Amino acid sequence: MDRSADPVKKQINIYLEDRESPASIEPGTTVQELLGQVNKRLQKEAVAARVNGELADLTLPLYEDAEVEVVTFEDEEGAEVYRHTASHVMAQAVKRIYDKTQLGIGPAIQSGFYYDFDLDEPLSPEQLPQIEETMEQIIKEDLPIERMELSREEAMELFRERGEKYKVEMIADLPEGEVISCYRQGEFIDLCTGPHLPSTGKLKTFKLLNLAGAYWRGDESKPMLQRIYGTAFPKKKMLDEHLQRLEEARKRDHRRLGRELELFSLHEEGPGFPFYHPRGMIIRRELESFWREEHRRAGYHEIETPMILDRSLWEQSGHWEHYKENMYFTRIDDRDFSVKPMNCPGAMLVYKAGMYSYRDFPLRLAEMGLVHRHEKSGTLHGLMRVRSFTQDDAHIFMLPEQIEGEVAGIIDLVDRFYRVFGFAYHIELSTRPEKSMGTEEMWERATAALQNVLEKRGLDFKINEGDGAFYGPKIDFHLQDCLGRTWQCGTIQLDFQMPEKFDLTYTGQDGQRHRPAMIHRVVYGAMERFFALLVEHYGGAFPLWLAPVQAVVLPITDRHHAYAKEVRDRLLSEGMRVELDDRNEKVNYKIREAQVQKVPYMLVVGDREVEAGTAALRHRGEGDLGPVPLEDILRMLREEIDGKKVK
RNA sequence: GCUCACGUAGCUCAGGAGGUCAGAGCGUAUCCUUGGUAAGGAUAAGGUCACCGGUUCAAAUCCGGUCGUGAGCUCCA
């Protein structure tokens, strides 16, 4: 852009949003100065601007007529600018304390920021306050932040001189002809596309949260840098609220609720191998029976295949070659066996046990298959990431022209399931990874087929290059946990390999043998992961149909025990999960415990209820509902259960 | 697997510059209390302070290793 002032033009016109007429200013006025002239409040709130649609610094001088939009912290990109500046201030502070620090990268992320450092000494959490203090100092200095545009050579020279080897590496990788920009604040310079706040003093409150290691460029073979995470807000109150929200989220953590509600446990004796307790088991079985019902309706047939199978099968499927490091092995009668890490080879054998015609297609074989995978120790996470889990798997064998219809059917099925639980989800399409089998042409065809269905249905999706399975591309469905981390649940994987490897055939209309196409798919994904996400989603307060204990009967004194038992038995006979709390405690105490355990309904019975044949109904969320005749209670609960209502 | 941190009764956590430091609350058991919508009272039981090794007269406390857990990275349902 030509930044020299136009000698002919004395004034330029700037069009601001929400203003009828343009502001007339002198060329060279910065966005910030302009805002000062027209709207002081906006000037104060602005963190960046959009000039003719392009995100820019407030310090950008304007030389031509332009449209200017103000970007504040409230805008997503405004928050990013704000926090990105916070990450620079943090980097500056770290460099002030440890001058040999080499900088990695330091972007803004969802609700915060981080910066990666290469330091000689390991950082420990005790050092964070010191870094925070230095950051406060830098903010107090209110250093102006200036943008500099450099040539590739200048930039190289600058960062080489400063000993920033990672920055030099980044510059070397920038495409030719790209404008290289840097930002300077006091003695600190960083390679950065910006934009940034106009000065360090604009930063109000921030907090450094945690430390972690992170490989340079996310590559395991590259050095590990030290990453500091933090967050920043324009108001102390917003920061406090954010920290409060994090605290609340931790209360929903499935690992915590799993223990408190006695759903499951994990033990040192079996890292990553979960134990289901009676209450967790009820939820799991409910999920499974819902699943069976829906799958029967959707035309699936259920099968079960063995957990341990001969080595030759895994060699044939390609797992021996491509998945060995994740597999468990055993030896029986001098033969090598493997514990199944996936259900597909077993399903192949089921298919091969019969003869199929094109008329049998699509053939949908479903399996609740328990698989074992030797995941790296550092990746284990409660029930979200475990080493043994049950996949609600299915393998669909079909004609090539049935692929798109089947994929569409699965997308509908997944959507139906997630809706029942009220889950929001996002979709990703993963393409061919480096370590994979099959021809380029096969991959292209398969990927195009998946993409086609998504596009036809107008679904938003993100493409994950090289993230597919070794046998084919896939569509993944992701859900969020209590902290907003996303987890892959449902997946649809197209596979042209397995039918080849197992020489699967069907008889076509022409009487000849042909190769079927195949899809692997899961809806819940892994029962363990889905269960964990459900716990966090509901914060432990499961809808009635899933609640391990649906109702508890609370007699007020011993003389009400007989009637309480009657009430309990009546509910039991209607198939409800009900308990009787006849402990020698006050009703307040029993109610509190039922609330803490998030039991949906409490039936309090005393003299009045015995007399009238009612129960004083209390809902964990709605409180006291007053006396209700037993038969009405039964009807209400039945309706709520059958409707899978979320209450 | 990697980086950093953590590991004390079933749970949540105090304590710990090496020596009356094995503590609290919740929970559990027993007894008293029979009480109407979120904790009634008393008493008691419970831990070789993750495990192994080292330093020391003495280790829960210091050092090393192992295992497990957490946050992230890598990888994945």
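Note that the structure is a prediction, hence the values are computed from the model and not measured.
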J.: Name the nucleic acid region contacted by A:Lys222, choosing base, sugar-phosphate or nothing; use a 4.0 angstrom heavy-atom cut-off, strictly under.
T.: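 Here A:Lys222 touches no strand at all.
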J.: Suppose we call a contact any N or O donor and acceptor under 3.5 Å apart; does that hold for the side chain of A:Tyr215 and the base of B:rG1?
T.: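 Under the 3.5 Å cut-off, the side chain and the base do form a donor-acceptor pair.
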J.: How does protein contact run along nucleotides 62-69 of chain B, one letter per nucleotide 5' to 3', with B for base contact, S for sugar-phosphate only, - for none, heavy atoms under 4.0 Å?
T.: -----SSS
J.: Nearest-nucleotide wise, let me know which of A:Trp216 and A:Leu617 is further upstream toward the 5' end of RNA chain B.
T.: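 Taking each residue's closest nucleotide, the earlier one in sequence belongs to A:Leu617.
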J.: Please name all residues satisfying salt bridge (charged side-chain N to carboxylate O under 4.0 Å, His left out) with A:Lys165, sequence neighbours left out, ordered by chain then number.
T.: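 In terms of salt bridge (charged side-chain N to carboxylate O under 4.0 Å, His left out), with neighbours along the sequence ignored, A:Lys165 is linked to no residue.
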J.: Polar-atom pairs under 3.5 Å, protein N or O versus N or O of nucleotides 24-30 of chain B: list them with distances, or write none.
T.:
from   : atom 1 : to       : atom 2 : distance (Å)
B:rG27 : OP1    : A:Tyr589 : OH     : 2.9

J.: Identify each atom pair where a protein N or O and an N or O of nucleotides 10-14 of chain B are less than 3.5 Å apart, giving names and distance.
T.:
from   : atom 1 : to       : atom 2 : distance (Å)
B:rC11 : O3'    : A:Arg259 : NE     : 3.3
B:rU12 : OP1    : A:Arg259 : NH2    : 2.9

J.: I'd like to know if A:Asn588 reaches the base of B:rU37 with its side chain such that a donor and an acceptor end up less than 3.5 angstrom apart.
T.: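 Under the 3.5 Å cut-off, the side chain and the base do not form any donor-acceptor pair.
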J.: Taking only heavy atoms on the protein side, list every residue of residues 594-604 of chain A lying under 4.0 Å from any atom of RNA chain B, sorted numerically.
T.: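 Output list: A:Gln595, A:Val604.
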J.: List RNA chain B stems (3 or more consecutive Watson-Crick/G-U pairs, under 3.5 Å)?
T.: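 Output for stems: B:1-7 with B:67-73, B:10-13 with B:23-26, B:28-32 with B:40-44, B:50-54 with B:62-66.
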J.: Heavy atoms only, 4.0 Å cut-off, all strands: where does A:Arg227 land among base, sugar-phosphate and nothing?
T.: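 If one applies the 4.0 Å heavy-atom cut-off, A:Arg227 turns out to touch the sugar-phosphate alone, with no base involved.
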J.: Could you check whether A:Leu209 gets within reach of a base, just the sugar-phosphate, or nothing at all, counting any heavy atom under 4.0 Å?
T.: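 If one applies the 4.0 Å heavy-atom cut-off, A:Leu209 turns out to touch nothing in the nucleic acid.
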J.: Using a 90° cut-off around 0 for syn, call B:rG46 syn or anti.
T.: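 Syn, angle within 90° of zero.
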J.: Tell me, please, which residues at least two apart from A:His84 pass ring-ring contact (aromatic ring centres under 6.0 Å, His included).
T.: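 Once residues adjacent in sequence are excluded, the partners of A:His84 under the ring-ring contact (aromatic ring centres under 6.0 Å, His included) criterion are A:His88, A:His196.
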J.: Applying salt bridge (charged side-chain N to carboxylate O under 4.0 Å, His left out), run through A:Arg250 and A:Glu247 and close with a yes or a no.
T.: CA-CA 5 Å; A:Arg250 277 187 259 278; A:Glu247 190 47 49; 3.8 Å; yes
J.: Checking A:Arg387 side chain against A:Phe273 main chain: does a donor-acceptor pair fall under 3.5 Å?
T.: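 Side chain of A:Arg387 to backbone of A:Phe273: no pair is present.
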J.: Considering every strand and a 4.0 Å limit on heavy-atom distances, what is the contact class for A:Asp476: base, sugar-phosphate, or nothing?
T.: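 Counting heavy atoms under 4.0 Å across all strands, no contact is made by A:Asp476.
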J.: Can you sort out which residues in residues 366-375 of chain A have a heavy atom within less than 4.0 Å of RNA chain B? Ascending by number, please.
T.: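 A:Arg373, A:Glu375 - these, ordered by number, are the residues of the stretch whose heavy atoms sit under 4.0 Å from the strand.
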J.: Taking ring-ring contact (aromatic ring centres under 6.0 Å, His included) as the definition, give me every residue that meets it alongside A:Phe329, ordered by chain and number, with sequence neighbours left out.
T.: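 For A:Phe329, the residues satisfying ring-ring contact (aromatic ring centres under 6.0 Å, His included) (neighbours in sequence not counted) are A:Trp320.
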J.: Contact class for A:Glu609 (heavy atom, under 4.0 Å): base, sugar-phosphate, or nothing?
T.: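 A:Glu609: base contact, heavy atoms under 4.0 Å.
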J.: So, using side-chain hydrogen bond (donor to acceptor under 3.5 Å, both in side chains) as the criterion, who are the partners of A:His322 when residues are at least two apart?
T.: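 Per chain and number, A:His322 pairs via side-chain hydrogen bond (donor to acceptor under 3.5 Å, both in side chains) with no residue.
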J.: Pick base, sugar-phosphate or nothing for A:Gly218, based on heavy-atom distances below 4.0 Å to the nucleic acid.
T.: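 If one applies the 4.0 Å heavy-atom cut-off, A:Gly218 turns out to touch the sugar-phosphate alone, with no base involved.
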J.: Select base, sugar-phosphate, or nothing to describe what A:Asp624 touches, counting heavy atoms under 4.0 Å on all strands.
T.: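 The residue A:Asp624 makes base contact.
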J.: Check this for me, if you would: do A:Lys222 and A:Asp219 make a salt bridge, where the nitrogen-to-carboxylate-oxygen distance has to be below 4.0 angstrom?
T.: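 Yes, A:Lys222 and A:Asp219 are salt-bridged.
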J.: Which part of the nucleic acid does A:Arg256 contact within heavy-atom distance under 4.0 Å: base, sugar-phosphate only, or nothing?
T.: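 No contact at all - A:Arg256 keeps every heavy atom at 4.0 Å or more from the nucleic acid.
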J.: Applying ring-ring contact (aromatic ring centres under 6.0 Å, His included), name anything that partners A:Tyr601, two or more places apart in sequence or on another chain.
T.: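 For A:Tyr601, the residues satisfying ring-ring contact (aromatic ring centres under 6.0 Å, His included) (neighbours in sequence not counted) are A:His619.
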J.: Return the set of residues passing salt bridge (charged side-chain N to carboxylate O under 4.0 Å, His left out) with A:Glu566 (not counting sequence neighbours), or none when no residue passes.
T.: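 Residues passing salt bridge (charged side-chain N to carboxylate O under 4.0 Å, His left out) with A:Glu566: none at all.
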